[in-house]
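Since we're looking at a predicted model, the values are computed, not measured. FYI, side chains are in, hydrogens and waters are out, and symmetry mates aren't considered; it's all heavy atoms of this structure. Every chain is numbered from 1, with letters handed out A, B, ... down the list of sequences.
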Protein chains: 4
Amino acid sequence: MDREPTFLSHPFDDDKLREECGIFGAIGMPDAANFVALGLHALQHRGQEAGGIVSYQPEPGFSSVRRFGYVRDNFTNPSVMAQLPGKIACGHVRYSTSGSKGAAIRDVQPLFAEFAMGGCAIAHNGNLTNADALKESLIERGSIFQSSSDTECIIHLMARSMARSIPERMKDALRLVEGAFSVIAMTRTKLIGVRDPRGVRPLMLGKVGEKGWVLASETCALDIIGAEYVREIEPGEMVICTEGGIESSHPFDKAKPKFCVFEHVYFSRPDSMIGGRSVYETRRQIGVELAREAPVDADLVCPVPDSGTPAAIGYSQESGIPYAMGIIRNQYMGRTFIEPTTEIRNMGVRLKLNVNRALIRGKRVILVDDSVVRGTTSRKIKEMILDAGAAEVHFRIASPPTQWPCFYGVDTPDRENLLAATMTEDQMCAHLGVDSLKFISLDGLYRATGEKGRAKEPQYCDACFSGDYPVKPSDMVAKGRIKLRENA
Amino acid sequence: MDREPTFLSHPFDDDKLREECGIFGAIGMPDAANFVALGLHALQHRGQEAGGIVSYQPEPGFSSVRRFGYVRDNFTNPSVMAQLPGKIACGHVRYSTSGSKGAAIRDVQPLFAEFAMGGCAIAHNGNLTNADALKESLIERGSIFQSSSDTECIIHLMARSMARSIPERMKDALRLVEGAFSVIAMTRTKLIGVRDPRGVRPLMLGKVGEKGWVLASETCALDIIGAEYVREIEPGEMVICTEGGIESSHPFDKAKPKFCVFEHVYFSRPDSMIGGRSVYETRRQIGVELAREAPVDADLVCPVPDSGTPAAIGYSQESGIPYAMGIIRNQYMGRTFIEPTTEIRNMGVRLKLNVNRALIRGKRVILVDDSVVRGTTSRKIKEMILDAGAAEVHFRIASPPTQWPCFYGVDTPDRENLLAATMTEDQMCAHLGVDSLKFISLDGLYRATGEKGRAKEPQYCDACFSGDYPVKPSDMVAKGRIKLRENA
Amino acid sequence: MDREPTFLSHPFDDDKLREECGIFGAIGMPDAANFVALGLHALQHRGQEAGGIVSYQPEPGFSSVRRFGYVRDNFTNPSVMAQLPGKIACGHVRYSTSGSKGAAIRDVQPLFAEFAMGGCAIAHNGNLTNADALKESLIERGSIFQSSSDTECIIHLMARSMARSIPERMKDALRLVEGAFSVIAMTRTKLIGVRDPRGVRPLMLGKVGEKGWVLASETCALDIIGAEYVREIEPGEMVICTEGGIESSHPFDKAKPKFCVFEHVYFSRPDSMIGGRSVYETRRQIGVELAREAPVDADLVCPVPDSGTPAAIGYSQESGIPYAMGIIRNQYMGRTFIEPTTEIRNMGVRLKLNVNRALIRGKRVILVDDSVVRGTTSRKIKEMILDAGAAEVHFRIASPPTQWPCFYGVDTPDRENLLAATMTEDQMCAHLGVDSLKFISLDGLYRATGEKGRAKEPQYCDACFSGDYPVKPSDMVAKGRIKLRENA
Amino acid sequence: MDREPTFLSHPFDDDKLREECGIFGAIGMPDAANFVALGLHALQHRGQEAGGIVSYQPEPGFSSVRRFGYVRDNFTNPSVMAQLPGKIACGHVRYSTSGSKGAAIRDVQPLFAEFAMGGCAIAHNGNLTNADALKESLIERGSIFQSSSDTECIIHLMARSMARSIPERMKDALRLVEGAFSVIAMTRTKLIGVRDPRGVRPLMLGKVGEKGWVLASETCALDIIGAEYVREIEPGEMVICTEGGIESSHPFDKAKPKFCVFEHVYFSRPDSMIGGRSVYETRRQIGVELAREAPVDADLVCPVPDSGTPAAIGYSQESGIPYAMGIIRNQYMGRTFIEPTTEIRNMGVRLKLNVNRALIRGKRVILVDDSVVRGTTSRKIKEMILDAGAAEVHFRIASPPTQWPCFYGVDTPDRENLLAATMTEDQMCAHLGVDSLKFISLDGLYRATGEKGRAKEPQYCDACFSGDYPVKPSDMVAKGRIKLRENA
């Protein structure tokens with residue numbers, strides 16, 4: 001409700017799915033907030049809009065700094081970091097949720113509350129599918145909401161729990177919520193990590209020196225601070241880290257794991273590991289599978305930079321067609337530019353990408369991209385390539401057609417705006433005006449991740465491709481915002 | 001002298017040579033400043049510290065906006081651009097000169113002066129080697145300098161010229177300066193482009209529609225606005241663009257062309273063309289030459305991103321050793337971070353680069369980088385690669401050893417800080433602690449640019465590699481800041 | 001807990017008691033927030049640290065802007081005011097509470113909460129004496145506090161009330177709090193004003209046109225918008241203003257009125273009316289009484305500007321001694337200055353005040369000030385006057401000795417820092433080093449306000465002079481922060 | 001030409017003449033810039049738009065900070081002041097010149113230039129009447145102007161002087177300029193003060209300790225730093241202060257002194273001394289003279305605050321009619337407010353002033369103001385007083401009718417906007433709608449300053465009242481902007 005300056009992120013990247021959050025926590029090291037800042041910097045790709053860090057030291061107690069903008073711009077100032085003293089800290093980077101215009105600093109996490117037994121900060125990656133129903137019920141009982149974040153439900157449920165300790169109150173609260181969540185919480189002496197029973201969102205455990213522990217969304221955030229990778233937090237597990245060691249418990253009913261397959265395709269950084277495998281290698285392998293499933297005769301394999309690069313390398317290696325940087329990405333992209341005249345078409349994409357005209361002219365080009373969401377960018381890239389004189393343009397997509405919205409913490413357009421939800425592959429090919437268009441199959445994608453193929457009860461959450469939602473999106477169904485497949 | 005807030009650029013990239021400027025001018029199109037903003041955005045890699053644009057419209061006359069920071073952050077605001085009306089405009093992006101701590105907005109170009117016959121704005125890429133002597137002489141005669149920029153000498157020389165028109169005054173002034181310069185100047189009705197007699201710095205001419213002309217440091221800045229590439233301005237040529245057409249003259253004594261060979265190696269964007277050749281292709285070809293000159297048995301060819309990428313692709317293609325992204329670059333790099341503890345070594349480079357550990361472990365790795373300047377980054381990268389478990393590390397460098405400072409508009413460390421000025425190749429290999437280290441030869445580099453090899457009177461300025469300075473750096477010699485090679 | 005930039009108010013005025021708040025509400029006029037901004041500007045003397053405005057319009061709902069700094073700097077920007085649309089609005093200006101270092105924007109009022117039956121904003125002038133006890137009890141029951149403001153207790157008590165309407169919930173809540181309060185609340189359709197049963201803090205009702213109503217701390221805020229003064233809200237009264245008219249009720253047990261006598265002495269603006277009397281006239285009359293009670297032979301009567309001016313005029317008129325501006329106040333005072341050297345004594349006061357040396361030299365001067373709190377400023381003023389060559393200095397104080405802290409919404413030093421709590425009048429005279437020092441008597445002060453003298457059950461709250469606290473400061477007593485007089 | 005954010009000063013005070021500058025310099029004390037900041041704070045009333053300070057210390061040389069806004073907001077920050085080290089410094093506060101919309105930081109003084117014999121900073125109070133002609137001639141000879149300030153002419157004239165020292169070059173330059181000027185200049189070792197031959201603008205000399213000297217526009221700026229008042233710089237005198245002492249010379253042809261009489265009426269602070277007399281006393285004496293010249297029967301004498309206050313006190317004392325604060329000034333005035341509706345008349349003046357309604361009702365009121373310029377404010381004040389129920393309103397003005405613009409450093413409306421240039425006293429009385437209106441006579445004003453009356457060759461510059469311009473405003477005459485009286 002507070003009218004603060006709005007902060008709009010990246011209009012030219014709006015043709016991608018967006019991971020909404022990255023989380024990081026550290027305990028048992030001096031100036032823990034500095035480690036958190038570095039970890040969040042490594043996780044910036046998971047949320048570019050805003051970031052926050054909470055730390056604790058007996059004097060002055062809990063401290064919090066929350067800001068719009070990049071970690072590097074906000075959490076590198078010594079005078080800012082001096083406001084976050086202590087040996088325990090946690091932080092969060094985020095996008096705004098779909099549909100909100102701009103955002104308020106109140107919504108930036110970690111959220112903090114003072115309970116009778118002490119303070120607690122919470123950072124959340126994921127989305128609660130029953131948050132609206134919970135919120136209504138809490139307001140009726142006298143809770144006052146300060147943010148529009150569904151994470152605040154967890155805080156209020158904890159405030160009302162009769163349990164005597166913060167970890168127990170957290171278990172009480174998380175048993176009442178539905179959806180996908182990886183949560184990092186922090187008290188005066190404990191760093192707590194929890195994943196939902198299906199483990200939809202990632203959460204990694206690392207070690208620093210003798211007594212230090214860190215929790216992070218991805219392993220690349222362990223690398224940046226030189227932490228040792230220990231293991232992944234298990235689906236349904238709560239881990240409590242103190243300077244004395246770690247304790248593990250499994251407070252939820254057991255469920256079949258459903259890790260998000262799109263983390264392999266796009267969200268995670270290529271230098272992270274998931275399930276012990278290099279994300280880069282999985283993506284290169286997707287390119288290999290794609291070359292097998294959808295070969296085509298051509299002169300060059302070019303990635304749509306930067307997300308299509310590993311699959312393009314794989315496609316080139318499997319097909320023997322030379323790999324080339326036919327499209328160059330401007331490294332200084334930012335907000336928005338004024339378009340000089342309407343005559344200049346495709347200005348948006350030109351600000352970010354330029355075709356290597358001398359290279360492309362007269363060539364049959366295979367373009368490898370990670371996904372097609374609205375299809376708007378794909379179309380503009382095709383036009384740039386043809387303007388530069390390419391003889392043929394073949395699109396190869398490193399994921400199956402994206403047909404369903406995600407309700408587990410990813411910003412997706414409504415179904416009617418997903419190109420693949422309204423057209424067949426052939427229709428899309430005609431719509432984009434390319435010589436051929438092929439997506440990898442769901443089985444091919446599963447194979448690239450090391451599985452034999454998609455099992456009857458799939459090993460991943462692939463709802464965005466299949467419409468098989470492992471957790472019912474009950475708020476959305478209640479509001480009529482989504483109609484599920486009949487057999488789902 | 002004004003104490004303004006200082007703006008420090010990129011401490012972690014300090015192991016590169018720095019092009020100091022990019023320039024762009026436009027005439028004959030509505031809202032010309034918007035085109036200039038886009039052109040400067042495409043040239044941002046040539047100067048990230050500050051940028052400025054001057055435009056002219058009869059009412060309100062000349063307008064100027066000069067700012068620290070990126071083009072995208074300053075020149076995308078509609079209220080800013082509304083302050084730059086008119087059909088003619090020019091602009092500049094810059095680094096600060098070597099050694100200055102921070103910078104003042106007074107030094108940001110274009111510079112502007114009101115002469116008796118009207119106003120004139122000037123944007124300059126290059127460096128005057130006799131600026132100190134000129135400045136002293138001008139102050140004695142009553143000129144008052146407002147900036148620390150050597151470009152201001154040109155302005156004062158023009159103010160004192162007896163010629164009746166601005167282009168003639170400009171010729172008078174430029175005949176008195178020595179060094180390397182590409183200059184764009186702008187009056188109420190003319191856009192003027194000039195290159196020094198040797199053509200050390202680039203300057204391209206483009207066309208927009210029927211009456212529009214643009215001048216730009218590189219062709220990638222023509223692409224972004226959809227301008228047609230016409231030709232390069234010739235060494236020693238002055239071109240005057242008006243809405244009616246262009247006029248060419250050659251006001252200087254003729255000299256042998258000496259285009260900067262480092263533009264091919266690093267400064268220019270890979271999607272630009274120089275002399276009709278793709279810069280990307282030249283760099284890929286450097287990799288091919290390097291694979292021939294310096295082969296080695298290994299498992300992977302990895303670029304040091306992003307500048308080593310084209311040469312690494314070429315090396316892989318020529319050698320048959322697979323190309324892989326063994327090092328991943330963080331796209332959100334910025335200013336500086338507080339290092340958490342001194343225990344964590346190499347933090348600086350870790351903020352920018354991370355090794356793909358799962359990929360590198362146990363492998364013999366060839367790392368391809370564009371150049372070695374101080375060697376500090378190379379050393380840290382080697383350590384990261386070894387920490388990740390690589391079996392062998394071989395460095396291949398896509399330029400000859402950088403042994404001499406540049407005095408023609410590039411920010412170079414003093415000689416004693418250039419690794420190759422103080423060590424042989426073998427000493428450097430030992431110093432960096434790698435299994436092998438090889439640089440491309442000068443002849444190999446020339447071949448990759450399409451020449452048969454380096455001629456006796458070389459086709460390029462390669463002073464940074466050879467110490468053969470085509471223009472004597474007289475201010476520096478006078479100050480004893482450089483001792484030239486005896487035969488130079 | 002959020003570490004925001006701190007905003008420190010006025011270090012050189014720290015020798016005054018500080019009213020902590022001014023409040024203003026408006027309903028039934030277009031762009032009501034503009035009226036609120038003007039009203040708060042007129043009440044700026046009651047709180048200079050921060051201000052906030054909440055407005056309501058069906059679309060976009062409730063809007064809030066809260067900022068540190070002056071009303072004139074924050075709420076005059078058209079783009080800010082455009083964020084506060086609607087025909088109903090309320091606002092608040094504040095000082096930070098005693099002892100807090102800096103302040104957080106979360107603490108700036110109006111506070112806002114969403115209840116099951118709709119939103120409500122609250123602005124509060126005063127202080128709750130049982131806020132700590134209430135807060136502890138509310139947290140135990142699951143309430144989460146977001147601010148350090150005692151006003152938030154009212155919000156949480158309302159959230160937990162079982163009543164069906166916001167006014168009824170407000171009555172429930174206010175019956176549970178103790179202390180001094182004038183409150184303005186606002187729903188989508190109602191503007192509500194309440195004063196505590198003793199009416200310690202002021203609250204005025206005004207009318208604008210046919211359907212418009214305003215509530216304000218002082219009448220000067222009615223004048224600025226051209227509103228007609230209707231009447232004071234009565235002690236213990238709740239008034240509900242809608243576009244249809246006003247409704248009055250008296251929800252509390254009846255108590256003897258105890259309006260703050262210091263509003264007459266210092267807090268209110270001289271152009272406001274209290275109880276139908278001009279505050280300026282009351283202050284001038286204090287000067288008249290003071291001249292009768294404490295005459296002295298002298299050459300000039302000089303005010304300590306600006307608060308001593310009306311009493312000095314009265315003293316001059318009653319005594320016949322000429323009035324003169326012996327001390328001139330700098331109108332551009334602000335934050336803090338760096339003192340050049342320790343040699344320069346009294347720099348603080350010199351930044352604000354300068355002696356008219358040519359006027360004072362050789363004269364016997366009577367200085368009239370409104371009050372003595374710590375005595376630090378009085379001492380420095382005396383030194384300045386003597387440095388300028390005055391023959392004698394006589395202090396006359398327009399209030400009785402300030403001996404007790406206020407717990408009803410005024411920022412007072414602890415008792416040990418109140419000069420009059422630790423010294424007799426003679427000791428103070430010696431301590432300040434003046435020729436004589438006299439305070440007006442309590443009876444004289446009461447006479448100046450139109451009473452015959454102080455009744456046995458006093459007509460005002462004069463606890464700061466007498467130690468007779470009309471409401472027990474229970475939190476402070478519980479914490480041992482104050483020891484009451486035995487008979488109190 | 002640079003398009004910087006504009007800074008607009010005080011729209012509600014636009015019915016006053018504006019002194020355009022205050023200047024201050026200090027030598028021979030550590031951290032001299034801190035003294036300058038304090039001095040400029042005391043001179044803020046002479047220029048509220050912007051301020052600048054230059055200091056010198058061998059390392060880092062000359063330093064300059066120039067900012068829009070108040071001294072207290074810009075020059076109190078320790079990190080800013082740390083940028084101004086050294087034992088010598090000078091500074092300037094300014095209004096923008098009449099007619100300019102907003103202003104550029106380039107125009108903020110002190111201006112600085114590097115000459116062959118070293119750097120020099122200059123701060124100027126006054127206006128050059130032949131600046132346009134000089135500027136044209138300088139540009140023809142190759143000078144490049146960077147600002148729109150006429151002070152820059154002095155700098156360029158100095159740059160072109162053949163003299164060997166900065167003081168001698170300054171004499172050369174100042175002999176070529178015409179108009180009114182008090183100038184403070186600063187080299188590495190000298191602080192220089194000069195007044196024009198007529199001494200139109202003030203300049204005071206003070207002493208700090210053994211070796212410290214200060215120069216200031218008014219004595220109130222000596223008081224704030226505890227400096228001892230030494231004497232006024234004489235008309236036509238140049239004083240050079242070093243740590244070793246002071247040297248005086250008189251480089252100009254002798255002329256009859258013509259100090260600005262309006263400094264007595266309004267510009268100078270009441271606690272300053274001019275010619276050894278208290279400005280406050282002179283103003284009180286104007287009130288005494290006015291009571292004698294223009295008596296009227298009434299109940300109250302009220303000042304228009306704050307500038308009418310001393311004269312109102314004098315009028316009351318001479319007439320025996322009681323003095324009262326009938327109009328109260330809001331101390332928190334600033335920029336501009338959005339007016340809520342057009343119904344609310346006179347909002348502008350209400351933001352600044354409020355009538356003490358309870359006091360005024362039914363009374364015959366004498367309002368004493370310092371001057372009438374456009375008459376717009378006078379008219380609104382009259383309406384406020386009548387709205388409050390005054391029985392009669394009599395205006396008494398403490399200066400003669402302002403009929404002519406000033407060309408010597410004061411911002412005056414064009415003649416056609418000066419009420420007294422277009423109407424007789426009776427017409428003005430009718431226009432303002434008051435019961436009577438009287439101005440003090442020129443002779444009365446001269447008597448109040450201690451003269452016997454206005455001599456045939458007047459002792460002051462009173463051109464704004466008389467049209468007798470002591471220096472011909474040649475630029476203005478050349479442009480046809482002013483038509484002088486025939487006998488002038």
Is B:Lys207 atom NZ crowded by more than 12 heavy atoms from other residues, nucleotides or ligands, each under 6.0 Å away? yes
Whatever's closer than 4.5 Å to a heavy atom in chain B on A:Val208 counts as neither
All heavy atoms of A:His41 vs all of B:Tyr332, minimum pair found to be CE1-O, 3.5 Å
All heavy atoms of A:Asn330 vs all of B:Ala42, minimum pair found to be ND2-CA, 4.1 Å
Discussion item. Within the 4.5 Å heavy-atom criterion, are B:Arg357 and A:Tyr229 side-chain neighbours or not?
Written reply: no
*asked:* Less than 4.5 Å apart, side chain to side chain, heavy atoms only: is that true for A:Ile224 and B:Leu351?
replied: yes
* Asked: So, B:Tyr280 side chain and A:Met325 main chain: donor-acceptor pair closer than 3.5 Å or not?
  -> yes
Turns out that what part of A:Glu281 lies under 4.5 Å from chain B's heavy atoms comes down to side chain
Is it true that B:Arg269 and A:Gln331 share a donor-acceptor pair across their side chains at a distance under 3.5 Å?
no
Begin with the C-alpha distance, continue with both residues' side-chain angles, and end with the deciding distance and a verdict on side chain to side chain donor-acceptor pair (under 3.5 Å) for A:Gln317 and B:Tyr323.
CA-CA 9 Å; A:Gln317 289 170 341; B:Tyr323 172 83; over 6 Å; no
Query raised in the report: Does B:Arg350 use its side chain to pair, donor to acceptor, with the backbone of A:Ile225 at less than 3.5 Å?
Result: no
Under 4.5 Å to a heavy atom of chain B? For A:Ala388 that would be neither
dist B:Ser272:OG -> A:Asn354:CG (nearest 0.5 Å) comes out at 8.0 Å
B:Ile328 and A:Asp271 have their tightest heavy-atom pair at CG1-CB, 3.6 Å
